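Each remark here refers to the structure printed beneath this line.
Keep in mind that what you see is a predicted model, and the values were worked out from it rather than measured. Here is how names work: the chains are called A, B, and so on, in the same order as the sequence lines, proteins then strands, and each is numbered from 1.
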Amino acid sequence: VVAILLATIASAPSIAGTVTRTVDSIFCHVGQLLGAGGGCSGGSTATPPNKWRPSWPCTQSSDNGAVDLSVTAFDLNLGGKVQYLEEQLSDGRWAVTLKVGGQGGIKADLGGNGQIDLGGQSVAGGEGVSGTLDLTGESGAKWYFKDKKAADSFVSAAESNAAWKAGQTLAGPAGPLVGLVQNLTGNDFNPPKADEVYLQGGLNGSLTGSLGPAKVTGGLGYAQGGKYNPKTGDVTLYMKVEPKVAVSLGLPVGSTDGSSATLSLLLTKDPTGHYRPKNLTLVTTGMISAGLGGDGHWSSLEDIVKAENIPLGAKDGVGATFTAQLDLTDPQNAAAATRLVTALTGGNPVDQILAGKDLIQRIDQSAPMSLVTSLSTTSSFGGNVEGGAEVTFGLGGHVADAKSHALGAWYRRGGQGFVPWTVCHR
Amino acid sequence: MRRQLVTAVVTLTVTLTGAAILAACGGASGSAAPPAGFRQYKGDHVRFFYPDSWKVSRTTIREGPVTKIVGPPSEGGVVPTIVLAQQPRVTRTSFPAQLAYFRVSEDTQEPRPTIVEDRPTKIAGALEAQYFRIDQLGGDPPSVPVKSVYEDALAPGDVLDILYVYAPSSDQADQAKLATVVSSLHVG
């Protein structure tokens, strides 16, 4: 993803006359009006649109073997499961994500919790309800529904799919995975066209870079994955930051197993049909212990980073998700993001730290950010319940049998710190 | 690291257009005897003809095997090249995303290659396939107009076969050879 990140970030169109806004005093007063507290140091009483409020929805709850936090980012290192997750989003929609992936077979278990957990080695070898399928592909899809009824209907259709339950051969002309996906995407219970399609890897994109006539390096070769919106053509490229590296950069990532940090670059088509960078989303996750999640006292990203020193553990079952989204149509932001990506892929720790701090500064100065804590019925947040450590999809890691709900949500207001993100609470 | 590949507007030759049309129509089966001066490359469920004097090498990019077949250097040192790559775990669901990926990849090079054609095509044995014709600059520094054909063929078994060929636009002889290569692709 290196070259594409760099190229796209660097090619962000300049915005003449970028306005530098002094927001501390403004939002201080807004915050007071809303009862969010905080002291005021300035005298402005203007009330511009709240640029700090996150534009992304949060996940209020999830069910049926879902990940326990939001799916703002995603991890495409699918390791051998087929799952769906159903989420209630703060913008009123419900989302259903289907993950299809497999390495060495997937066990089928359509148990009472609705978990779709297919397993086995062969398509035709299934026996009974927990029949077997050999799913070797790595892909996934997501649908958004206007309400719970529509989402439930979709899930019910999937659950009641006779072929799934019986473990029958679902193979289409290209194999069982295709057959399964076809069942999910139109041939069986006729769901709507997916809103997002996930994929892993980037060989396709890297070919022209690494083997092209101009000795180009990079391309998409470093991409861990991507997300494609078949309706708009938008592409999101995904790069995972190793937790140790993330910590060294000062990113607020947890230190427990399953903690994660991801960078996602959203590319949208301009009127001429060319892809342009829109934003860079940083998402970090980790377990937190009691006492951290309830007060939303952080005043800056620096302070969130300090949370790293708070003992982390799974005993409380509380996970935290930090999200920040940087506008890459701002040339300064684009430059900072470029430097970080360069450093992350260049392997120079010093450059990484410097670039990380630079990006944090940009985020701290201008990016909306949120922190959501949630409680799951399991403590295996971020980890992998049945197998390798990479069975995660969506943000927050996989839990095999869990229901979760948001405990608290905050977003950062410039000069004021984190204030309650009320829309996220039910 | 910023990529250095430079885009150029290159003239599409009649031969390559012919190859594209052939490819779009299904092309040769690949099972026939190779024409004079060609031999058949047989990979894992993929085959095509290539000039018998060109050199074959193999490597791996990420998890995918890559075969590279090169001819003698041409204009500006640009080496006429055939690349065959296979990417596992690509499904019908993720195939469109792979195409989008590729378009982004091309779109973000600086200067930008020009995708002259981007359309579905038919390749023998493929479940789905897409044909890209690309104009770009090659050489070091990139200054030689090069035209390329890039085909994605989704094969049974969730394998994406990628055929990528290029040669200087002015090199009519090699362009004609590459047209034969493209038209002979057979997957599955």
Side-chain angles (χ1 to χ4, degrees), chain A residues 2-8 10-11 100-102 136-141 172-175 177-178 181-182 184-185 194 197-221 223 226-228 230 233-235 237 267 273-275 342 345-346, chain B residues 1-6 61-64 66 68 78-79 81 83 85-110 112-113 127 134 136-142 144 146 148 150 152 154-160 162 164 166-168:
Chain A
V2 181
I4 198 161
L5 281 172
L6 295 182
T8 52
S11 64
V100 183
T136 58
E138 299 189 21
S139 184
L177 176 61
V178 170
V181 171
Q182 285 175 337
L184 293 164
T185 55
V197 175
Y198 299 83
L199 75 160
Q200 178 170 354
L203 174 62
N204 193 336
S206 70
L207 264 186
T208 53
S210 58
L211 296 170
K215 297 182 178 178
V216 178
T217 59
L220 290 171
K227 183 172 69 175
Y228 171 62
D234 291 352
V235 173
L237 301 174
L267 303 165
H274 295 123
Y275 284 96
T342 302
T345 55
Chain B
M1 182 186 306
R2 190 162 177 149
R3 303 167 87 178
Q4 298 299 315
L5 183 60
V6 180
I61 295 181
R62 294 177 69 84
E63 298 177 0
V66 176
K68 188 174 182 179
V78 173
V79 177
T81 300
V83 176
Q86 290 183 307
Q87 184 167 356
R89 300 186 296 275
V90 177
T91 69
R92 274 182 161 154
T93 294
S94 60
F95 182 68
Q98 290 287 353
L99 302 181
Y101 238 31
F102 174 74
R103 296 181 187 110
V104 170
S105 171
E106 293 300 290
D107 205 28
T108 54
Q109 295 178 37
E110 185 64 34
R112 177 182 298 138
L127 303 172
I134 303 157
Q136 56 195 130
L137 287 181
D140 187 15
V144 180
V146 168
S148 314
Y150 191 101
D152 279 335
L154 181 62
D158 300 336
V159 173
L160 180 66
I162 304 166
Y164 178 38
Y166 60 83

**OP:** Might you point out which heavy atoms bring B/Tyr164 and A/Gly212 nearest each other, and give the distance in Å?
**Re:** OH-CA, 3.8 Å
**OP:** Heavy atoms only: give me the nearest A/Ala214-B/Leu137 pair and the separation to one decimal.
**Re:** CB-O, 3.7 Å
Subject >> Side-chain heavy-atom pair B/Thr81, A/Leu211 within 4.5 angstrom cut-off >> reply: no
Subject >> Structural part of B/Val66 lying under 4.5 Å from a heavy atom of chain A >> reply: side chain
